[in-house]
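Just so we're on the same page: letters track the sequence lines, and every chain starts at 1.
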Amino acid sequence: MAVSNQPSLDLQTLTSLCKRRGFLFQSSEIYGGLASTWDYGPLGVELKNNVKAAWWKHFVWERDDMVGLDASILMHPDVWRASGHAAHFSDPLVECRECNLRFRADHLMPWKVYGKMGRQKDFLGYVTDINPEWSLSDEADSWHYALARKRGYKDHVAKPTEKSVGELIDSSDIPCPSCKSVGSFTEPRQFNQMLTTHLGPVQDDASLTFLRPETAQGIFVNFDNVITATRRRPPFGIAQIGKAFRNEITTGNFIFRTREFEIMEIEFFVKPGEDNEWHERWTRECMAWYTELGLDQARLRLRPHEPDELAHYSKATSDIEYKFPWGWGEIQGIANRADFDLRAHTQASGQALSYFDDAAKQHVVPYVIEPSAGVDRAVMAFLADAYTEEEAVSAKGKPETRVLLKLHPTLAPVKVAVLPLSRNERLAPTAREVHHLVRRSGAIDGLVQYDDAQSIGRRYRRQDEVGTPLCVTVDFDTLDDQAVTVRDRDTMTQDRVAIEGLAQELRRRLE
RNA sequence: GCGGGAGUAGCUCAGUGGUAGAGCACUUCCUUGCCAAGGAAGAUGUCGCGGGUUCAAAUCCCGUCUCCCGCUCCA
C-alpha cells in the first residue's frame, strides 16, 4: 500500500476539506466574506480546543513553575504607550505611484518646524534635520518639545496633521528616493497595526483605546498581583491563552496570517544572567511539544532572528517554523525580552515591578523569556501534517484514494465513532446503548459520535477524513456475544472487544 | 497597497450571448451486511455582489467584494 503523507497537499485541498467537513468557514460568507477572517466549525472548534487544552495541560498543570492568567483584551491606552507599541505601530506612509515602493512620509520631506519665543514665531528647522526616526503621529509631540527645549523655546507649534503632511508632499518637489519620479506620491496614510476602538458612547479621542496586539502586556501589568497572590519567585512563568488583533497590511495563506488570532503565550521570569540558558531551554521544550503531538520533525526547524529583524523589545528571538504547503512559516517565537517591559511599565506607571531576592537582599527586575505560539497556526500545522492520502484497492478491486487525518488522538475532534453495521432495527437499540455507555462513561475526553447513514465502509472513510482514531462497530454477533469490533484509523485493523469495560479499553487505546 | 490568476450545487469543475450542467457528496426506500457496493427516487443554484449594454447576459462592459500566487510589509 503506497502511503503519501501530504507531498501533493496544496492549500486548496486543505481549505476545501476544512469547509466540507466543518473545520473552518469563511467569516460572514453570506455577505461575500470579510478578508482574512475565519470561523471554526463544529469539528474545528473541537480541534482548536484540544490544541489549547493540550498546551495548558503540558505547560501549566504538569509544571511546578507556572501559573495561569486570563487578562482582558481591552487595557488602559497607557499600557501601549509604555510598551512601545503605540510608537512602533503608527506610521504615516506614502507610496510612489511609479515604482510602488513605500516610504514614511515624515522621512521624506523637509517639514518645517516653528516655535514661539514670547509672541514671535520662529523657524526652528526641518524635521529631517532633527531626527529621521521621529514620526508625525504618536511621537509627534516629542520632537516639537525636544527641539523647542533645545533652542530654549517654551511653546511648540500645533501638531501637524496627516492632511498637512499631504499638502506639503503635493506642493513639494521631493523626488522618490528610488525611481526619482517627482510628484508621484500618494496621500500619506496611517498604517497603524493596532486596531482601535472607542470605549463609551462618544467617539472622541479621550475614549480611544486599542485591541491588544499581543497578550504579553496583560501578564506584565499583572506581575505584581501574581507574585503577591501566589508567593512565586523567579524562575517561574505566567501562561495565558487569548485573542490578539493586528491590522496586518498583508494577510493570507488561509488562517496563517489573520487580523484576529489567538495566542498561547508564556512570560517566564528569570534571574538576570540566567536568561540565555532559559531561552535555549524553552526553545527545546517548545519544539518537543509539537513533536510529541505528532508533528513531523522533518517539517519543523528552528530559525534564530537576525539582529535587524528583532522586535523593539527583544534581545534575541528564535522562531519555530513549520513547512506549510506554501513553504516555511513561523508557528512560534521564543523571545528574550530581557527586562524591557517590566522596566517600561515601572517607569510609566510608577509602580515597582520587581521581586525581592532573599539571597542577594535586594529588589531585582527579572528578565523575561517569552515562548509565544499561534493557536491558529498550530491548528493549521497539525491539520496539514495529519493530511494523508493512501492508495488502496477497493473491495471491488478498483484502485482508490483513502484520505485520512492522522491526528494525534489527543487532538482528534472526534475520539470515537459508534457505528451499527447497518441501519437495521435489530442492531439500532444495542448500538444506541453502546454509544450512550461510552459517551457517559467519563473515560473519553471528547466527542463520541453515532452514525448509521450509508454503508459501513463509507462511514469508516468519513471518520478517516476527520481523523477519528477509533470506530466501534456493532454487528449481529454483538447481540449474542456482547462484544463489538474496534477499528483503528491508521491500520484499519479490527479487534473484538467486550462491551463490558469497552470505554476503559478505548481510553487505553487513545493514550 | 501593487501585479497576475480565479469566483457556477456542499466539494471539484464544464459551460464564450439564446431553457443552469456533470462527477463526487447529501436525503429516502429496496437489496446487502466490515472498509467510498448495487438499484430506484429526490433535494440542492439570487452563476460572489451591484450597475450597464442587449429582444436576450453565467457569458460582453464598468465598479466592488472575496480567495490564491508573486511583490511589499511583518513590533
Side-chain angles (χ1 to χ4, degrees), chain A residues 10-22 25-38 80 83-91 93-103 186 189 191-194 213-214 216-217 244 246-254 256-257 305 309-314 317 325-327 329-330 333 335 337 340 372 390 392-404 419-424 426-427 453-465 471 473-477 484-489 491-494 496:
Chain A
D10 57 30
L11 206 53
Q12 190 180 350
T13 306
L14 192 63
T15 53
S16 64
L17 184 140
C18 283
K19 180 174 183 187
R20 195 170 69 246
R21 306 317 303 259
F25 308 124
Q26 193 176 6
S27 168
S28 317
E29 193 180 16
I30 63 169
Y31 288 101
L34 179 67
S36 90
T37 50
W38 302 88
W80 306 112
S83 70
H85 286 85
H88 286 81
F89 261 67
S90 183
D91 298 318
L93 299 185
V94 294
E95 186 168 311
C96 173
R97 292 190 187 90
E98 295 298 321
C99 64
N100 295 328
L101 288 178
R102 260 196 220 126
F103 305 93
T186 60
R189 274 172 298 194
F191 281 78
N192 192 330
Q193 286 215 63
M194 273 201 291
E214 60 173 28
Q217 299 305 326
R246 298 180 191 182
N247 205 357
E248 298 283 357
I249 298 168
T250 304
T251 57
N253 288 127
F254 199 25
F256 183 78
R257 178 172 282 121
H305 276 207
E309 59 176 333
L310 287 175
H312 67 267
Y313 50 70
S314 176
T317 297
W326 67 86
E330 177 192 349
R337 296 178 80 128
F340 178 92
S372 177
E390 283 182 359
V393 178
S394 74
K396 302 278 286 180
K398 170 172 86 172
E400 60 180 22
T401 303
R402 182 168 83 112
V403 174
L404 65 157
L419 318 169
L421 190 57
S422 69
R423 190 181 279 180
N424 181 291
R426 288 174 59 216
L427 293 178
Q454 308 297 332
S455 75
I456 184 68
R458 187 172 299 190
R459 280 175 279 153
Y460 284 147
R461 297 303 167 87
R462 268 207 293 259
Q463 295 296 337
D464 288 341
E465 207 181 24
C471 289
T473 308
V474 173
D475 57 26
F476 292 97
D477 293 338
V484 293
T485 301
V486 176
R487 180 258 195 189
D488 182 88
R489 175 193 68 200
T491 62
M492 293 196 285
T493 54
Q494 296 177 299
R496 202 73 184 164

For [X], report the nucleic acid contact type (base, sugar-phosphate, nothing); a contact means any heavy atom under 4.0 Å.
X: A:Leu421; answer: base
X: A:Arg487; answer: base
X: A:Gln494; answer: base
X: A:Thr37; answer: nothing
X: A:Thr473; answer: base
X: A:Asn253; answer: sugar-phosphate
X: A:Thr485; answer: base

Mate of [N] where both pairing distances stay under 3.5 Å, Watson-Crick or G-U:
N: B:rG21; value: B:rC13
N: B:rA6; value: B:rU66
N: B:rC26; value: B:rG42
N: B:rA36; value: none
N: B:rC47; value: none

[X] versus [Y]: any side-chain heavy-atom pair under 4.5 Å?
X: A:Arg462; Y: A:Arg21; value: yes
X: A:Gln463; Y: A:Arg489; value: no
X: A:Arg496; Y: A:Asp475; value: yes
X: A:Arg246; Y: A:Glu214; value: yes
X: A:Gln12; Y: A:Pro325; value: no

Atom [atom1] of [X] to atom [atom2] of [N]: distance rounded to whole Å?
X: A:Ile30; N: B:rG10; atom1: CD1; atom2: C1'; result: 16 Å
X: A:Arg462; N: B:rC11; atom1: CZ; atom2: P; result: 17 Å
X: A:Leu17; N: B:rU12; atom1: CG; atom2: P; result: 11 Å
X: A:Arg257; N: B:rG70; atom1: CZ; atom2: P; result: 12 Å
X: A:Gln12; N: B:rG10; atom1: CD; atom2: P; result: 16 Å
X: A:Leu11; N: B:rA6; atom1: CG; atom2: C1'; result: 14 Å
X: A:Lys19; N: B:rG48; atom1: NZ; atom2: P; result: 13 Å
X: A:Arg461; N: B:rC34; atom1: CZ; atom2: C1'; result: 11 Å

Between the side-chain atoms of A:Tyr31 and the base atoms of B:rC65, is any donor-acceptor pair under 3.5 Å?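 It does not, because no donor-acceptor pair links the side chain of A:Tyr31 to the base of B:rC65 below 3.5 Å.
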Nearest to the side chain of [X], which nucleotide is it out of [options]?
X: A:Tyr460; options: B:rU12, B:rC35, B:rU66; value: B:rC35
X: A:Arg458; options: B:rC11, B:rA25, B:rC67; value: B:rA25
X: A:Arg423; options: B:rC11, B:rU66, B:rU28; value: B:rU28
X: A:Arg20; options: B:rU12, B:rG10, B:rC34; value: B:rG10

Find which nucleotide of RNA chain B each of A:Asp475 and A:Ser16 is nearest to by heavy atoms, and output the residue with the more 5' nucleotide.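 Closest to the 5' end, via its nearest nucleotide, is A:Ser16.
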With nearest nucleotides of RNA chain B determined for A:Ala453 and A:Asn424 from heavy-atom distances, which residue corresponds to the more 5′ nucleotide?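 Its nearest nucleotide lies further toward 5', so the answer is A:Ala453.
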Could you give the distance separating [M] and [N] at their [atom1] atoms, to the nearest angstrom?
N: B:rC34; M: B:rC68; atom1: C1'; value: 41 Å
N: B:rA6; M: B:rU32; atom1: C1'; value: 44 Å
N: B:rC55; M: B:rG15; atom1: C1'; value: 23 Å
N: B:rG23; M: B:rG42; atom1: P; value: 15 Å
N: B:rG7; M: B:rA43; atom1: C1'; value: 24 Å
N: B:rU8; M: B:rG45; atom1: P; value: 15 Å
N: B:rA57; M: B:rG48; atom1: C1'; value: 16 Å
N: B:rC69; M: B:rU16; atom1: C1'; value: 26 Å

Can A:Arg487 and A:Thr493 be counted as having a side-chain donor-acceptor contact under 3.5 angstrom?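 Checked: A:Arg487/A:Thr493 side chains show no N/O donor-acceptor pair below 3.5 Å.
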At under 4.0 Å, does any side-chain N or O of A:Gln454 touch on OP1 or OP2 of B:rU27?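 Checking B:rU27 against A:Gln454, a side-chain N or O does come within under 4.0 Å of OP1 or OP2.
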Donor-acceptor pair, A:Arg257 side chain versus A:Ser36 backbone, under 3.5 Å?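 Such a contact is absent between A:Arg257 side chain and A:Ser36 backbone.
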Scan A:Phe254, A:Phe25, A:Phe256 and name whichever one has a ring pair (Phe, Tyr, Trp, His ring centres under 6.0 Å) with A:Trp38.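 It is A:Phe254, the one option of A:Phe254, A:Phe25, A:Phe256 that forms the ring pair (Phe, Tyr, Trp, His ring centres under 6.0 Å) with A:Trp38.
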